[in-house]
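For reference, the structure is listed below as structure tokens.
Below, read A as the first sequence line, B as the second, and so on, with proteins coming before strands; counting in each chain starts at 1. As a basis for the values below, the full set of heavy atoms in this structure was taken, side chains included, without hydrogen atoms, waters or symmetry mates. No experiment lies behind these values; they were computed from the predicted model shown.
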Amino acid sequence: MSSLLAVDPLLEGGLFWTPLFIVLIKVLVVFVVGLVATMLMVWFERKVIAGMQNRVGPNKAGPWGLLQTLADGTKLFFKEDLIPERADRLVFRLAPYLVLAPAFLAFAIIPLGGDFRDGKGGIVTLFGHETRLQLADPPVGVLFALAISAIAVYGIMLAGWSSGSKYPLLGSVRASAQMVSYEAALGLSLAAVLLVSGTLSTAGIVDLQSSVGNWNIVATGFVPFFIFMIAATAELNRPPFDLVEAEQELVGGFNTEYSSIRFALFFLAEFMNTITMSALIVTLFFGGPQPISIGNTTLDIPLLPNALEGTVWLLLKVLVFLYIYVWFRATLPRFRYDQLMDLGWRILIPASLGWFMLLAAQRVGRDAGWDQAVVTLSTAIVLIVGYVLLQLAYKVSRANREKDGASF
Amino acid sequence: MLSVIQPTSSWYLILAAVLFGIGAFGVMVRRNPLVMFMCIELMLNAVNLTFVTLATALSNINGQVVVVFVMVVAAAEVVVGLGIIVAIMRRRNGITADDLSALKG
Amino acid sequence: MELFVFVVAAAMVLGGALGVITRSNPVHAALSLVLTLFGIAVMFVSHDAQFLAAVQVIVYAGAIVVLFLFVIMLLGVDRTEDVNIEPITVQRPLALIVSAGVIGIVIAAVVTSRDLLGRKVGGLDETTLGSPDANIRQVAREIFGNNVFAFELTSVLLLVAVIGTVLMARRVKSGGAGK
Amino acid sequence: MVLAATMTAPEIAWGALTPLLILLGGTCLLLLLGTLVPRWPRVATPTLTIVTALAAGTAACVQWNNLYYRKGYSIVADAISIDRFSVLITIIITVAVALGALLASAHHDDANGDPLENYALLLTSAIGAVVMGSANDLIVLFLGLEILSLSLYLMAASDRRREESQESGLKYFILGGFASAFLLYGVALVYGATASTNINGIAEALTERIAVGGSDAMLLVGIGLMLVGLGFKVSAAPFQIWTPDVYEGAPTSVTSYMASAAKVAAFAALLRIFIVGLESRVDDWRPVIWVLAVLSIFVGSTMAVVQTNVKRMLAYSSISHAGFILVGVEAAAHMEGNGLAASATYLAIYTMMVMGSFAILIAVAGKNDTATTLDAFKGLAKRRPALALAFSTLLFAQAGVPFTSGFVAKFGVIKAAVEVDSYGISIAAMVGAVIGAFLYLRIVVSMWMEEPETQEPLEIPTVVSVVIGISVAFTLVIGFFPSILLDAIELVRFAPL
Amino acid sequence: MLSTLIQSAGAATEKTAVAFPILSALILVPLLGAVLVTLLSNRRPEYVKFTALIVSAGTGAMSLWMLAKFDSHEAGFQFVSQHEWIRAWGISWHLGVDGISLFLVVLTGILFPLVIVGVDPHHDEKRYLGWILLLEAGVMGSFLSLDLFLFFIFFEIVLVPMYFLIGGWGYDKRIYAATKFFLYTMFGSAFMLVGIIATAVLAQRDLGYITFDLVKIAEEATFGTNTARWLFLSFAIAFAVKVPIFPLHTWLPDAHTQAPTGGSIILAGVLLKMGTYGFLRFGLYLFPAAAVWAKPVILTLATIGIIYGAIAATMQTDLKRLVAYSSVAHLGFIVLGTFAITSQSLTGSVMQMINHGVSTGALFLLVGMIYERRHTRVIAELKGIQSVAPIFAAAFMVVMLSSVGVPGLNGFVGEFLILIGSFETARWWTIIAATGVILAALYLLWAYQRVFHGEPDEANSTFKELTLREGSLLMVFIGLIVFTGLFPKPMLNRIEPSVDKLVKHVELHSDYKAPVHKGGHSPATDTAHEGGE
């Protein structure tokens with residue numbers, strides 16, 4: 001039956017106790033790593049921002065304040081759990097888990113290490129069984145990520161709605177609109193990656209990015225990466241797209257009414273999501289656990305076995321993006337809601353679509369044996385014409401609206 | 001391995017039939033247009049399950065392809081249907097199908 | 001194992017479906033719908049239709065039901081519908097008879113046609129099933145091969161949806177007519 | 001990886017798709033120009049729509065002539081059949097679109113202008129309808145149906161001033177979606193029984209199966225469910241419940257189009273699926289058609305009689321017309337004889353009749369669709385004799401009085417039925433026609449023999465009079481010289497397998 | 001325009017007798033006239049009436065001309081004109097006239113101008129005249145068609161103008177009556193349509209090609225016994241409603257009473273004859289065996305109709321309703337004669353069709369005149385008119401006696417032939433029917449007595465005498481009544497050959513044998529032949 005699991009060489013030939021044990025270990029490791037990473041991420045973010053703002057940041061609990069998050073979490077855990085009177089109790093309780101689950105699920109398809117060199121495809125041997133260092137490598141891997149990101153919106157939506165209160169509801173309505181809108185751009189830039197790599201499996205995608213020149217960020221021509229990055233930030237509801245919890249406008253946004261451990265879960269999920277998304281970006285565009293290699297020279301970390309070295313490389317690359325996210329938060333002002341929508345619909349979606357078409361045209365040209373330059377140029381011209389028409393249409397519709405005296 | 005009984009295609013088809021019936025029942029008895037609409041989605045999902053099961057049973061990929069199209073149709077239907085519902089509800093708050101009294105046969 | 005998956009998924013599907021038709025709150029109904037959709041997605045996976053499973057989640061759970069919820073929340077129509085009020089006395093029994101009839105007839109047909117289901121007519125390339133992208137490749141080949149016309153038609157369908165939303169979203173000035 | 005290398009894309013005969021491409025091109029052009037040109041003149045939209053429709057119709061006529069030298073054929077991997085039948089349906093639908101656009105342009109309100117989207121939807125619905133008429137694959141057919149239906153739901157809801165319009169759109173939408181689900185479930189079961197969604201493939205599979213044997217249960221249930229779905233779409237009793245409400249609520253220009261093009265397309269689909277695909281099981285489904293036909297005729301006629309709103313009357317009468325077309329289908333199910341040609345003739349004539357009738361409704365009810373009750377027609381002969389005469393002609397045509405096209409249509413289906421010894425259905429149909437005649441007489445009576453309630457002058461927009469003129473002229477010309485139509489439609493055939 | 005048409009017709013006939021399509025002209029001239037009248041300006045009403053009159057008079061003249069040119073020795077169809085019309089269905093524009101339809105056509109041609117001249121519609125004259133002319137075209141078409149399809153559409157199209165005439169210009173309950181009339185007749189036609197199609201289709205299986213041609217089907221096609229019976233039945237229902245035969249007659253009193261005078265005259269004069277004519281042409285001729293089979297039932301119904309009509313007439317309080325019920329009785333005679341299937345009875349039937357048209361038409365005209373003067377038709381309110389308006393009363397008397405069937409007037413010839421002819425093949429029915437003659441005398445004379453005798457009361461004392469126009473109009477009717485009554489031979493001469501042919505046809509196609517007299521000829525036939533030689 002299910003070849004969702006069968007792709008991993010570990011699971012070929014039926015389920016027996018050792019493979020099952022390996023899988024259980026993997027699940028445990030991923031979960032624990034996730035939790036610990038989140039804890040560290042919170043500390044990291046506070047510390048970095050503090051640094052940028054010339055403050056010290058947490059420094060009391062543990063060395064360099066490392067245990068501060070743990071302390072906060074403990075405190076929240078013992079707080080009284082409040083449920084508002086007008087809340088929809090069932091959904092109110094359910095929502096935090098709905099937020100948390102996708103954050104961890106998406107992590108399952110990230111290749112966490114393994115040796116991708118010399119055509120080994122990231123397969124390592126554990127207890128005499130060949131396997132990958134990732135929880136699952138479904139054949140529809142990237143789509144799985146997309147699916148998870150699609151259902152991530154539920155938690156936020158329902159949390160806001162079930163609170164039975166005005167501001168959380170507004171926050172969640174905003175959130176759902178925002179996330180649905182940016183998912184289109186996210187998906188389209190993702191499609192560019194898929195077009196280049198020709199597979200949906202994350203391991204397969206990593207496998208193809210053996211050197212920097214092969215990294216998808218280069219192969220797809222940078223634009224999809226930037227769009228993906230922006231859209232991902234919006235999907236995460238992180239600054240500068242954190243309208244969901246814009247304190248000035250909505251008090252605390254969708255989670256205003258939450259307290260105690262439920263609130264902690266939202267918090268946990270948010271940071272977990274950031275980590276997952278960074279890992280996904282790295283996997284899709286920056287070769288994942290592949291070491292940095294330019295041409296034939298590979299930056300090899302001495303002493304470490306290749307399989308473990310992949311994990312280190314992944315960590316390093318992810319850290320860069322985590323830093324970037326914190327950096328965003330520290331420096332960029334929040335968008336206004338209409339600006340947010342304009343950016344998503346007027347710029348990101350057309351741009352990613354156009355770029356996708358350009359890439360597609362090139363591939364068609366290549367398969368058909370046409371002159372690449374001509375294909376690129378003519379596609380570009382078509383796209384430019386399209387862009388001009390689009391702008392013209394915006395102008396006309398704005399003029400028409402103003403003529404009709406519309407207020408928006 | 002874990003069990004000697006394996007579900008056959010018929011099981012899935014019967015499940016789909018039940019799902020379809022439940023959806024149809026819902027359309028007929030519920031009065032909130034949104035919920036009626038959800039019930040239609042249930043029916044479409046039953047159809048999808050039927051198609052996929054048959055694709056496996058007949059070893060014919062066409063059944064799966066059909067489902068892709070059905071999903072597109074469902075998406076388009078939702079957009080249109082919700083558009084209409086929103087247009088109505090902007091005029092007044094909260095309706096059930098009973099409130100559509102202007103058109104009582 | 002397969003039985004286990006089937007039972008769990010079937011429970012999800014039916015539980016969700018019953019939830020949709022019995023829950024009086026539209027939001028709960030929508031959530032029940034999501035449960036059903038996931039159950040269906042699981043069944044797709046157990047039929048080697050991974051692509052469809054993913055699309056099922058992305059399109060149905062990720063877009064369709066979200067839109068439902070969005071509309072419910074945006075319009076504030078989440079007031080509870082009293083499911084005990086019956087508008088027309090015969091409606092429910094009649095609906096019950098009709099839907100039970102449909103279920104019964106289809107089940108009878110399925111059971112008597114079991115012999116048809118075993119036959120392999122071909123078209124599904126089972127030799128490549130082991131490779132990671134097999135399902136997606138087959139579906140793609142079929143969509144852009146024999147079903148390319150239908151695929152192109154879906155673009156028209158979506159065009160209609162776009163035009164429709166624009167039309168429905170347009171603000172109207174009262175032309176004096178109507179109530 | 002190299003997908004293109006391993007798959008063979010079907011050859012697309014672009015030439016054969018010309019009418020569809022013209023319609024699609026017209027839609028896109030309309031939308032583009034509408035969004036890009038700031039001062040888009042009001043008449044330009046309907047004009048462009050009509051030009052597109054007529055161009056597509058002309059292309060279809062050219063195809064018709066080409067088919068003189070060539071039997072029907074199917075293209076794009078058997079997805080689409082190009083044969084006399086599909087081309088005829090295309091022509092009928094393009095005409096309906098052109099007339100519908102004319103009516104729509106008379107029907108807008110001044111405050112909100114004449115939304116471009118209405119015309120774009122008109123064209124897209126035509127695409128759906130044409131696809132339904134020529135689809136040779138159940139999935140293509142289903143997509144065509146959905147394109148058509150979605151456009152129609154929106155068109156029905158498009159009059160934003162009247163709440164009834166949106167409600168009718170919603171009602172149509174929910175019941176239409178319900179019906180689509182049934183249709184699709186039927187398709188699924190038929191697929192299970194035949195392992196194909198292609199109509200030719202189904203036919204072949206079933207013919208083989210006759211030799212092999214095996215249970216037909218799944219197939220039959222599938223056929224039944226498809227009939228339920230299509231029955232909804234053609235508004236045959238007992239699946240007609242939505243028709244009166246939706247017809248009444250929708251803007252009249254849309255109702256006219258809905259009553260004509262949508263029904264034509266649904267019947268085209270019904271005919272092709274059942275006659276071509278399920279030919280080998282004809283004995284199983286023919287009785288069902290029989291029952292549907294008789295029920296539709298009687299339900300349509302009798303329910304119409306008790307209405308007080310002319311729009312609802314016409315809605316019920318469209319149900320009884322559906323019954324008559326089903327009589328033709330039943331005759332066509334006997335394979336020998338002229339059932340197919342008779343049904344096609346009926347569809348063509350019905351389209352023109354119903355367009356004209358609703359055009360008159362528009363003329364009387366005005367832009368706001370307010371006055372559609374029978375009272376509004378009282379004494380019309382005193383206010384606008386020509387209009388009353390035109391309406392009487394069309395109503396008599398619907399009743400099937402000689403020297404009108406309606407008589408030719410009814411005569412055709414009855415003849416087709418009698419040719420295959422279906423006497424019962426013929427007599428039932430004729431008796432139903434008499435009951436129906438009572439309805440038409442009621443309207444005629446109030447127009448000619450009662451005093452008008454108001455003496456307000458009735459302004460008839462020019463475009464509406466054009467539509468009425470065309471319709472009445474068609475009705476009379478075909479009534480006196482049916483050969484013009486019959487000689488052509490006699491050639492209607494499905495593409496050979 | 002019209003006159004040139006007639007001139008050219010005349011010129012044409014000098015060369016070749018069949019060159020001018022006289023029968024087509026009989027249909028098309030009133031049809032075009034109707035269109036012309038409708039298009040005329042409302043501002044000059046006198047032109048409208050004049051035009052209509054010219055058109056109908058022209059048609060009447062043409063019918064008389066046709067009568068003059070009719071070859072009385074020829075039993076078959078004359079002046080035949082045949083053009084292909086709807087190729088796909090094998091339908092042609094096939095017209096022809098023989099002895100059976102000849103006088104009906106002439107009657108139609110004469111009656112319409114008289115109605116146009118003699119009856120005033122009071123309002124909306126233009127539309128009224130338009131419908132009348134359309135009606136004339138339809139009636140002509142019905143009598144002339146030799147194609148089943150063509151016959152059916154004329155048979156049907158007649159309903160429309162008649163419906164409007166009753167509904168638009170009738171009396172209080174006109175709409176009820178009009179609708180009843182329309183639906184009844186259409187109900188009957190529904191069956192006939194299926195029958196016609198079935199006839200053509202079944203004939204196609206026999207002949208190998210599709211045709212709706214009456215002559216071809218009747219002469220060449222054969223049907224199975226049961227099939228033919230069913231087909232006959234489907235036609236019979238339509239004709240039975242139209243005639244009307246008991247118990248399908250209930251529309252007739254309403255329609256007659258509520259119709260305007262002109263409508264009543266036409267209805268009684270020619271429209272009802274479409275049913276009896278249909279029995280002859282499409283019952284006996286098309287399905288002889290089935291007609292013979294159905295004979296007892298129809299004869300019974302006809303007899304019941306005669307007695308019932310007479311009794312019902314006796315009980316009427318409304319003069320017009322009385323005349324209407326008398327029609328039911330008279331038409332019963334015609335049907336009796338038709339289904340007795342002897343040469344004499346058939347000849348009598350055809351005769352009686354004409355006679356009934358003339359005399360009942362005249363009766364309705366007279367009743368209309370009474371209503372014009374008194375605004376009532378209730379017998380009880382009329383009294384002693386004879387003393388106030390003796391000429392009027394005399395005219396009424398003559399017409400009424402003709403209706404009763406007094407020797408020397410036309411009614412006698414027809415009824416006598418029918419009774420004589422029927423006695424041999426339908427003895428008991430004939431005996432019962434004969435009592436109907438006596439009853440007719442009873443109720444008509446009684447009515448006359450109540451209306452005309454006695455002292456006029458105040459309301460009736462100012463009853464106006466006939467005007468010149470009315471008088472001259474009535475003179476035509478009375479002239480016809482008297483002429484036919486005294487010299488039936490020219491008519492019989494022309495009717496006989498066709499009727500004989502029909503009887504032979506029936507004998508040939510069924511096991512029925514007509515009774516033989518004097519070497520196979522009935523007395524009437526003998527006289528006809530003598531006259532001919």
Inset, instruction - Indicate yes or no for a side-chain donor-acceptor contact from C/Asn146 to the backbone of C/Glu142 under 3.5 Å, with no hydrogens or angles considered. - result: no

Inset, instruction - Output the option from B/Val65, B/Ile84, B/Val86 having the highest count of non-hydrogen pairs under 4.5 Å with chain C. - result: B/Val65

Inset, instruction - Please report the closest heavy-atom contact between C/Ala53 and C/Val45, naming both atoms and the distance. - result: CB-CG2, 3.4 Å

Inset, instruction - For each of B/Leu49, B/Asn45, B/Leu19, tally heavy-atom pairs with chain C at distances under 4.5 Å, and name the one with the top tally. - result: B/Asn45

Legend entry - Pick from B/Ala74, B/Gly81, B/Ala87 with the largest number of heavy-atom pairs that fall under 4.5 Å of chain C: B/Ala74

Inset, instruction - Side chain from CB out, backbone as N, CA, C, O: work out which of these in B/Val18 comes under 4.5 Å of a heavy atom of chain C, or both, or neither. - result: both

Legend entry - Heavy-atom pair count under 4.5 Å with chain B, highest-scoring of C/Val106, C/Leu33, C/Val7, C/Ile105: C/Leu33

Inset, instruction - For chain B, find which of C/Leu94, C/Leu52, C/Thr154, C/Val65 contributes the most heavy-atom pairs closer than 4.5 angstrom. - result: C/Leu52

Legend entry - Close side-chain approach of C/Leu153 to B/Phe69, heavy-atom, < 4.5 Å: no

Inset, instruction - Report yes if the side chains of C/Arg141 and B/Ile61 come closer than 4.5 Å at any heavy-atom pair, otherwise no. - result: no

Inset, instruction - Name the region of B/Phe20, side chain, backbone, both or neither, that has any atom closer than 4.5 Å to a heavy atom of chain C. - result: side chain

Legend entry - Side chain, backbone, both or neither of B/Val27 within contact of chain C (heavy atoms, under 4.5 Å): neither

Inset, instruction - Output the option from C/Val102, C/Val98, C/Leu18, C/Ile107 having the highest count of non-hydrogen pairs under 4.5 Å with chain B. - result: C/Ile107

Legend entry - Top contributor to chain B interface from C/Val59, C/Leu157, C/Leu158 [non-hydrogen pairs under 4.5 Å]: C/Leu157

Legend entry - Beyond-backbone contact of B/Ile14 with C/Val111, side-chain heavy atoms, under 4.5 angstrom: yes

Inset, instruction - Return yes if some donor-acceptor pair links the side-chain N/O of B/Arg30 with the main-chain N/O of C/Ile21 below 3.5 Å, else return no. - result: yes

Inset, instruction - Ignoring hydrogens and angles, tell me if any N or O in the side chain of C/Thr112 forms a donor-acceptor pair with the backbone of C/Ala109 under 3.5 Å. - result: yes

Legend entry - Heavy-atom pairs under 4.5 Å with chain B, option from C/Val20, C/Ile163, C/Thr36 with the top count: C/Val20

Inset, instruction - Return the option, out of C/Phe151, C/Phe70, C/Phe51, with the maximum number of heavy-atom pairs under 4.5 Å with chain B. - result: C/Phe151

Inset, instruction - Against chain C, label B/Val72 side chain, backbone, both or neither, depending on which of its atoms sit under 4.5 Å from a heavy atom there. - result: both

Legend entry - Flag side-chain contact, heavy atom, 4.5 Å: B/Tyr12 against B/Val52: no

